[in-house]
Asker: 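Submitted below is the structure of interest, expressed as structure tokens.
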Amino acid sequence: MEWSAPGYTEVRQLGAGGSGRVVLAVHDGTGVRVAVKYLTDRDPELLARFRDEARLLAGLRDEHIARIWEYLQAPEGAAIVMELVNGVSLRALLREHGSTGPEAALVVLKGSLLGLERAHGAGLVHRDYKPENVIVRDDGVSKLVDFGIAVRQGVAHEASGTPPYMAPEQWSGGPASPATDVYAATAVFFECLTGHRPYRSTEPSVLGYQHLHAPIPVQDAPEPVRGLLVRGLAKDPAERPASAGAFVAELERVAAGAYGEEWEERGRRRLAALVALLAFLLPTPQSPPPVGATTLFRTVLDAMRGNARRLLVGAGTAVVAAGVAGYVLASSQQPPRTRLDIVAATPPATTAAGGLLPSEEPTPTASTSAGLPPDATLPPETSPPPTTSPPTTAPPSTRPPTTPPPTTAPPTTQPPSTAPPTTQPPTTPPPTTQPPTTPPPVTGVSGVQVGGLTVNADSLAEGRVTVTTTGTGPVTAVASFGVGGAVVHTERVTLRGDTSYAHAFSHRLGESACGKRVTLTVTTTPPAAGGAASATASVPPCPAGVTGLKVSLSVAEPPGRAVQARISVGTGGPGPVALTAAFAVDGRGVGSRSAELSGETSYTRTFRHAFARRPCGSTVSVTVRAGGEEAVARAGVTCPPAVRQVTISRAALTARGAVVAVVRVVTANDAEVRLSVAVRLSGETVRTQEVTLAGQTAYTRTVSVPLPEAPCGTEWGVTAASDPAAANGTATAGGRTSDCQPTEPAEETGQIR
């Protein structure tokens, strides 16, 4: 079975690769959903890189970088617990849709540059920015999620990266710098604009040549942004923007000049729409929007208002209500192939002020336009036949006359005219025929919904609220943010002029929200049919900042095999802090220990590591990391040799005049020992020979020491001594040279001398 991080329950797998996998999981203590990135490959080099990635991410807090909550390591594996970004990778968007459009591409580039700027400010270079490492959320905001091969600025490393996005200096073996990341981000920007990479060879040597020498194919991109491509993809790092932040300033100037001040909002909406088309890839898919709140409904209804405005003058509110009701109903069903138009009523004749004629009622017919094609237009206004006077010879008019037309009736007190005399001026309607004045209906709230409440790494809580109403009159929405059951912020907004509204509420909570449940509650005036609506989100405990980190290292007395690291940690709060200690011998890693600190602001921990054999003569080190801080301690391991016994088992003087001694040395360990053999004649040392012994605990050596010519009958001796001295001191042996032969007397010759 695969190892699972303790304290987390796996929901489902989000992705997998050759060396690891990523899963959606739930933190058992708080119910917070997280992404857990597992390393399944046991390669020590990969493990070290994985641990370095966790350390680097732990120190980066930015709304454009996925936040790390915890690093876990055990003999069975290692895992990074990260913020769950509810979105899809930029690679998936490009694969599905090709280009994103210039405004959306500018939004992606700006967000990536801001995240890279934060990393550069911390002294890091990403080195592997690419679409796979960017997640676009369902609200159009993008985040960086992988810093697997990031390095410290100014530290030499071998070339590494993804070839289609590698800067020229990476191909030529030059050092990586912030300009290297600017190049990669611009290459991805080019791909968002055009749907393809700047250089597309599949042969590595050719691709490298293109990045180093080929002209930038700016002709494939929209003209307004070509200058940004020339700057960001410059072959010489010195010709690129001085920093990612400086490039953002250039980008904003170009974008506003080419696409207007609202370019960023439109770009985010475009990205959100592209993500919505891939909603099945979201880790936590969003619920569908409420009835009547679709963009399609608002767009079509707005378009129809212009056509229907002249029709509805004086037609009464019933027609408007019928049209809106028909559209609300239609929006909750499968959309028809053709657009549904508002049902038309035949308009009555109007007065100059736009009201009804005296004694006339609006009489809607069964009619007409519901079956018309979408591009049909309504007939022009006509006046019905008058009911208060006989037909006249005057031509029909679309507006009632302000004075009666002439008629053919005999003369009376009035001048001759074609109309019978009237008792009232035609411009004054009879009191008895004036229709009653109906006050406009009060707008009610038919529904309110809160969705997508999130709290990002900077403690910014954001929630999207949808309100649907029964009319276009004003309604008030009040949003209240609560932390741990207490209201911390209230915001009020008035909505009018539509029947469906989408509004975003946000509030920066600060550190007070760490480890607590955040609630967004929305009420309306007048009250919604279903009452108030709310959404909640749980915030993981915030990692506490480390204010002090110290470590000391001690080595056990020989023949002990253990070393011990004593660590002191000071923090700015009681939040969780991950503590790791890595032991090494002469720079080579030999083991690590870790602990989770929480609940206090001062900690003392002791980590111990035992070696299989005492590393005599080596340097042992321990590197401690906590909350982005690092401390190192070192100690040398000495092994004083212990010699138990030195003996000479045999010693003799050869006929050739050499002393041969067989010496045996017994030690307590395998440390180096110096053996010295000295030869004496008549009590004086005349020759010495030394031998180095190491790697064993018992030695037998035969030592031959040539002597100068020794007189007969001379005492000789040999002494064996060790450094360090043996427990029995020294060993000696000796003898005498052959006795002198007697001298024969001189032969007598008889002569006297």
Asker: Keeping the roles fixed (side chain from Ser538, backbone from Val32), state whether a donor-acceptor pair exists under 3.5 Å.
Answerer: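 Between the backbone of Val32 and the side chain of Ser538 there is no qualifying donor-acceptor contact (under 3.5 Å).
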
Asker: Rounded at 0.5 Å granularity, tell me how far CG in Leu675 sits from CD in Gln689.
Answerer: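 Reported value, rounded in 0.5 Å steps: 9.5 Å.
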
Asker: Quick check on Arg644: does its CZ atom have over 12 non-hydrogen neighbours (other residues, nucleotides or ligands) under 6.0 Å away?
Answerer: no

Asker: Within the side chain of Asp586, is there an N or O that forms a donor-acceptor pair under 3.5 Å with the backbone of Thr619?
Answerer: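 Present.
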
Asker: Under 3.5 Å, side chain of Asp181 to main-chain N/O of His126, donor-acceptor pair present?
Answerer: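 Present.
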
Asker: Looking just at side-chain N and O atoms, do Gln170 and Thr180 make a donor-acceptor pair shorter than 3.5 Å?
Answerer: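 There is no such pair between these side chains.
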
Asker: To the nearest 0.5 angstrom, please state how far the OG1 atom of Thr454 sits from the CG atom of Leu84.
Answerer: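 With rounding to 0.5 Å, OG1 (Thr454) is 11.5 Å from CG (Leu84).
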
Asker: If we ignore hydrogens and angles and just use 3.5 Å, is the side chain of Arg12 paired with the main-chain N or O of Pro283 as donor and acceptor?
Answerer: yes

Asker: Donor-acceptor pair, Asn728 side chain versus Val646 backbone, under 3.5 Å?
Answerer: yes

Asker: When you measure from the side chain of Thr162 to the backbone N and O of Tyr165, does any donor-acceptor pair fall under 3.5 Å?
Answerer: no

Asker: For Tyr129 and Ser112, which I'm curious about, is there any donor-acceptor pair between the side chains at under 3.5 Å?
Answerer: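 Judged by distance alone, the side chains do pair up.
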
Asker: What donor-acceptor contacts under 3.5 angstrom involve side-chain atoms of residues 548-564, with partners at least two apart or in another chain?
Answerer:
residue: Arg561; atom: NH1; partner: Phe611; partner atom: O; Å: 2.3

Asker: Which distance, rounded to the nearest 0.5 Å, do you find between the OG of Ser676 and the CG of Asp723?
Answerer: 9.0 Å

Asker: With under 30° as parallel and over 60° as perpendicular, where do the rings of Trp3 and Tyr38 fit, or are they tilted in between?
Answerer: perpendicular

Asker: Using a cut-off of 6.0 Å, state whether more than 12 heavy atoms not belonging to Gln13 lie near its atom CD.
Answerer: yes

Asker: May I ask you to decide if Asn669's main-chain N or O and Thr667's side chain share a donor-acceptor pair within less than 3.5 Å?
Answerer: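 Judged by distance alone, yes, a pair lies under 3.5 Å.
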
Asker: A quick test of your reading: do over 12 heavy atoms of other residues, nucleotides or ligands sit less than 6.0 Å from CZ of Arg197?
Answerer: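 Yes - once you tally the heavy atoms of other residues, nucleotides and ligands closer than 6.0 Å, there are more than 12.
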
Asker: Using modelled atom types and a 3.5 Å cut-off, is there a donor and acceptor pairing between side-chain atoms of Arg687 and backbone atoms of Val705?
Answerer: no

Asker: Counting N and O atoms only, with roles assigned by atom type, does the side chain of His609 sit under 3.5 Å from a partner on the main chain of Ser592, one being a donor and the other an acceptor?
Answerer: no

Asker: Measure from the side-chain N and O atoms of Glu83 to the backbone N and O of Arg67, and report whether any donor-acceptor pair falls under 3.5 Å.
Answerer: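 Yes, Glu83 side chain to Arg67 backbone: donor-acceptor pair under 3.5 Å.
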
Asker: I'd like to check Leu597 versus Arg605 (side-chain heavy atoms, cut-off strictly below 4.5 Å). Are they in contact?
Answerer: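 Yes; the side chains approach each other to less than 4.5 Å.
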
